[in-house]
Amino acid sequence: MNSFKYELLHVDTSTGARLGRLHTPHGVIDTPCYMPVGTAAAVKAMTSRDMLELDAPILLANTYHLYLRPGHELVSNAGGLHRFMAWDRPILTDSGGFQVFSLGDLRKVREDGVMFQSHIDGSRHLFTPEKVMEIEEALGADIIMAFDECSPYPCDRERAQRAMDRTHRWAERCKAAHRRSDQALFGIVQGAFYEDLRLQSVKTLTDMDFPGYGIGGLSVGEPKPIMYQMLDAVAPALPAHKPRYLMGVGSPDCLIEGALRGIDMFDCVLATRVARNGTALTSRGRIVVRNAAYAADLSPLDPECDCYACRSFSRAYIRHMLNVKEITGAHLVSLHNLHFLIQLMAELRAAIANDKGAEFRAAFYDKYGGDGTGRF
RNA sequence: GUGGGUAUAGUUCAGUUGGUUAGAGCGCCAGAUUGUGGCUCUGGAAGUCGUGGGUUCGAAUCCCACUACUCACC
């Protein structure tokens, strides 16, 4: 069976943003969408029930982390990731390419794969495209990512080309090794910050005909305009009838900028990571709830938000929770931030459907602050 | 009441044979965080060294008195 399908419903006449629908074995996802990250089979500080109430359309999990702990075989024996984490909606697993990339000195990239040492106990492991496919099949997500080599920023052309070529060879091997027809395997576009390499990557991967394409190697520390420039080059070159996934992005403004450039899927740890450290994303910009300015502020995190945290609790209460290090503090801000991004995408989809993408962007910056070039 | 001990940042404590601008943890204040090696990381403010006197070129440090706290014994 192959129940994976992407439907392109509408293209915003004002910007080129796409409205779509992604069909998976575990349900339908409206795009563009933000996918919360649950690295170790849980969105940090949240339960699957919370994520359902937030109406998260799909969750991410991570191959590298689940392979090391608790092991993909255990997850498989537990009935697969969906059952293990009690989440019936779609799941996407990242291949571990990025994690291995961020291991730094603990890894050695070779042609057959990546030799690396566990960040937990120093034990040695080899990730090959075939091994990664074995793990991702055992985990059983609806969408799985090919094993790629992410290059850093900045990156000289020769190194970028080498990583990209290897990513292509590995993509081929992932495709050949992939058996489960109920999982969609996405290829990943690389090429660092060279437009011609990016276009070459798109060509090579689309010739292999994947059901969807990740855009990797962005949001690795480069200025936003450079990332947007890459998207402007890559997105139009990708096939219209396949979903595009901008990996690791992002902040509210980046989600909008990406979607208006034709991106359909995003994932990012930012919302939950900053939440745990006391920062809320709101319609009027970021607020560091932890700051003394909110000690006696009885208003909600975001006056325009209707999430559980904003309906029920004041900034003063949430700041207090964070201050005394109650788990509830991290939970409430995470809940709000996730709701904010999920809601933002729902509103953005409505705007795209009405050809008002450009207006939506302007209205967003008007309240949130910034113009898309600075931080957040 | 008698004898001993202690007194240094908001707090718990370092502080060498007396030597230049008295330090640390926690707390406080602020910043960072983009396919999570993160309850993490970076920075900042903050002290009349209990009070008063003395010795000395120089005292948180040595001496005296006082005060507070504390322990033991009456």
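Every chain is numbered from 1 and lettered A, B, ... according to where its sequence line falls, protein lines coming before strand lines.
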message: B:rG27, OP1 or OP2 - any side-chain N/O from A:K325 closer than 4.0 Å?
response: yes
- prompt: B:rA30 phosphate, OP1 or OP2: any side-chain N/O from A:N291 under 4.0 angstrom?
  reply: yes
task: Can you figure out which of B:rG37, B:rG35, B:rA32 approaches the side chain of A:R290 most closely?
output: B:rA32
query: Given B:rU34, B:rG35, B:rG37, which nucleotide is nearest the side-chain atoms of A:K224?
result: B:rU34
message: For a side chain to side chain donor-acceptor pair (under 3.5 Å) check, start with the C-alpha distance between A:Y245 and A:D267, then their side-chain angles and the critical distance, and finish with the verdict.
response: CA-CA 8 Å; A:Y245 162 29; A:D267 81 282; 2.7 Å; yes
Just how far, in rounded Å, is [atom2] of [N] from [atom1] of [X]?
{"X": "A:Y228", "N": "B:rU34", "atom1": "OH", "atom2": "P", "value": "15 Å"}
{"X": "A:D94", "N": "B:rG35", "atom1": "CG", "atom2": "P", "value": "10 Å"}
{"X": "A:M321", "N": "B:rC39", "atom1": "CE", "atom2": "C1'", "value": "15 Å"}
{"X": "A:R273", "N": "B:rC39", "atom1": "CZ", "atom2": "P", "value": "10 Å"}
{"X": "A:M35", "N": "B:rG35", "atom1": "CE", "atom2": "C1'", "value": "9 Å"}
{"X": "A:H331", "N": "B:rC39", "atom1": "NE2", "atom2": "P", "value": "18 Å"}

message: I'd like the P distance from B:rC71 over to B:rG27, given in whole Å.
response: 29 Å
task: List the atom of A:N337, the atom of A:A275, and the distance in Å for their closest heavy-atom pair.
output: ND2-CB, 3.5 Å
